[in-house]
Trainee: 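I am attaching a structure below and will ask some questions about it afterwards.
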Amino acid sequence: MLKISTINRRSERRLVVEGKLVQPWVGELRKTWRSAGEELHGRKLVIDLSNATVISREGENELLELMKEGAKFSCCGVLTKYVIKQLAQRCHTGCAE
């Protein structure tokens, strides 16, 4: 199960991802991210993965694509931080080519 909540603050709009970022729900993150990116009025858009319990290979690929499109992430926990760090390295390597 996956839940994505939107929290609006003065300086940012935060998408809080809870649960399993796996098929068939991976596409929901992209859909939510795109619609949340509208009407930001200068605020940052952040994807919060602090409550994600599982990130599948498809989920990682989706996060990488969002990262390439400029998505910013917030997370805690050793595994989630490691996944984001590895994706950032892949993104920078791919972007440099």
Side-chain angles (χ1 to χ4, degrees):
M1 175 163 249
L2 179 71
K3 178 181 177 185
I4 304 172
S5 304
T6 303
I7 299 173
N8 287 303
R9 296 185 178 141
R10 257 186 246 191
S11 62
E12 73 177 15
R13 178 174 288 160
R14 184 171 288 258
L15 301 180
V16 179
V17 177
E18 299 176 85
K20 299 177 181 181
L21 185 54
V22 298
Q23 288 292 10
W25 303 300
V26 170
E28 284 302 309
L29 179 58
R30 173 174 293 280
K31 182 177 154 186
T32 305
W33 185 76
R34 284 210 170 127
S35 66
E38 299 171 1
E39 299 182 23
L40 286 174
H41 305 294
R43 294 179 291 175
K44 295 186 303 184
L45 178 56
V46 178
I47 299 173
D48 186 339
L49 298 171
S50 299
N51 295 312
T53 56
V54 175
I55 302 173
S56 69
R57 177 66 63 196
E58 296 87 3
E60 287 182 18
N61 291 337
E62 186 62 36
L63 293 174
L64 179 61
E65 290 304 311
L66 292 175
M67 192 176 284
K68 287 178 181 178
E69 292 180 26
K72 303 297 181 204
F73 298 91
S74 172
C75 59
C76 64
V78 175
L79 183 58
T80 308
K81 285 182 180 179
Y82 176 78
V83 168
I84 293 299
K85 183 177 179 181
Q86 293 301 309
L87 293 175
Q89 289 176 347
R90 284 174 54 193
C91 181
H92 293 301
T93 302
C95 293
E97 295 176 351

Trainee: Indicate yes or no for a side-chain donor-acceptor contact from R90 to the backbone of L64 under 3.5 Å, with no hydrogens or angles considered.
Mentor: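 No; judged by distance alone, with no hydrogens or angles, the pair does not exist.
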Trainee: Hydrophobic clusters here meaning ILVMFWY residues chained together by side-chain heavy-atom distances under 4.5 Å, can you tell me if L49 and V54 are in one?
Mentor: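 They do share one cluster, since a chain of ILVMFWY contacts under 4.5 Å joins L49 to V54.
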Trainee: Measuring only between side-chain heavy atoms, which start at C-beta, is L21 closer than 4.5 Å to E62?
Mentor: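 Answer no - side chains too far apart.
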Trainee: Do the side chains of L29 and L63 get nearer than 4.5 Å, heavy atoms only?
Mentor: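 Contact flag for L63/L29 side chains = yes.
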Trainee: How close do E60 and R57 get, heavy atom to heavy atom, and via which atoms?
Mentor: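 Distance-wise, the nearest heavy atoms are OE1-NH1, 3.0 Å.
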Trainee: What heavy-atom pair brings K81 and C76 nearest, and what distance separates the two atoms?
Mentor: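 Here K81 and C76 meet closest at CE-CA, 3.9 Å.
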Trainee: Would you name the heavy atoms of L45 and W33 that are closest together and state the gap between them?
Mentor: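 Residues L45 and W33, closest heavy atoms: CD2-NE1, 3.5 Å.
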Trainee: Any heavy-atom pair between the side chains of S56 and Q23 that's under 4.5 Å?
Mentor: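 No, side chains not in contact.
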Trainee: Are L79 and M67 linked, directly or through other ILVMFWY residues, by side chains that come within less than 4.5 angstrom of each other?
Mentor: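 In one cluster: yes.
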Trainee: S74 and V46: which non-hydrogen atoms are nearest, and at how many Å?
Mentor: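 Residues S74 and V46, closest heavy atoms: CB-CG1, 3.8 Å.
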Trainee: Do the side chains of V22 and L2 join up, straight or via other hydrophobic residues, at under 4.5 Å, putting them in one cluster?
Mentor: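 Linked, V22 and L2 end up in one cluster.
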Trainee: How close do T80 and A52 get, counting heavy atoms only, and between which atoms?
Mentor: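 Smallest heavy-atom distance, with atoms named: OG1-O, 4.5 Å.
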Trainee: When you measure from the side chain of R30 to the backbone N and O of G27, does any donor-acceptor pair fall under 3.5 Å?
Mentor: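 Looks like no, no N/O pair under 3.5 Å.
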Trainee: What's the shortest heavy-atom distance between T32 and S35, and which atoms?
Mentor: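 Nearest heavy atoms, T32 then S35: O-OG, 3.2 Å.
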Trainee: Looking at CG of L87 and NZ of K68, how far apart are the two atoms once the value is rounded to the nearest 0.5 Å?
Mentor: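 It is 10.0 Å, given to the nearest 0.5 Å.
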Trainee: Determine whether L15 and L40 fall in the same hydrophobic cluster, where Ile, Leu, Val, Met, Phe, Trp and Tyr are linked whenever their side-chain heavy atoms lie under 4.5 Å apart.
Mentor: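 The answer is yes; both residues are in one hydrophobic cluster.
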Trainee: Got a salt bridge between K72 and E12, using NZ or NE/NH1/NH2 to carboxylate O under 4.0 Å?
Mentor: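 No.
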Trainee: Is a donor on one side and an acceptor on the other found under 3.5 Å between the side chain of R43 and the backbone of R14?
Mentor: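 Not at all, since once roles are kept as given, no pair shorter than 3.5 Å links the two residues.
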Trainee: Could you give the distance from NZ (K44) to CZ (R13), rounded to the nearest 0.5 Å?
Mentor: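 That separation rounds to 14.0 Å.
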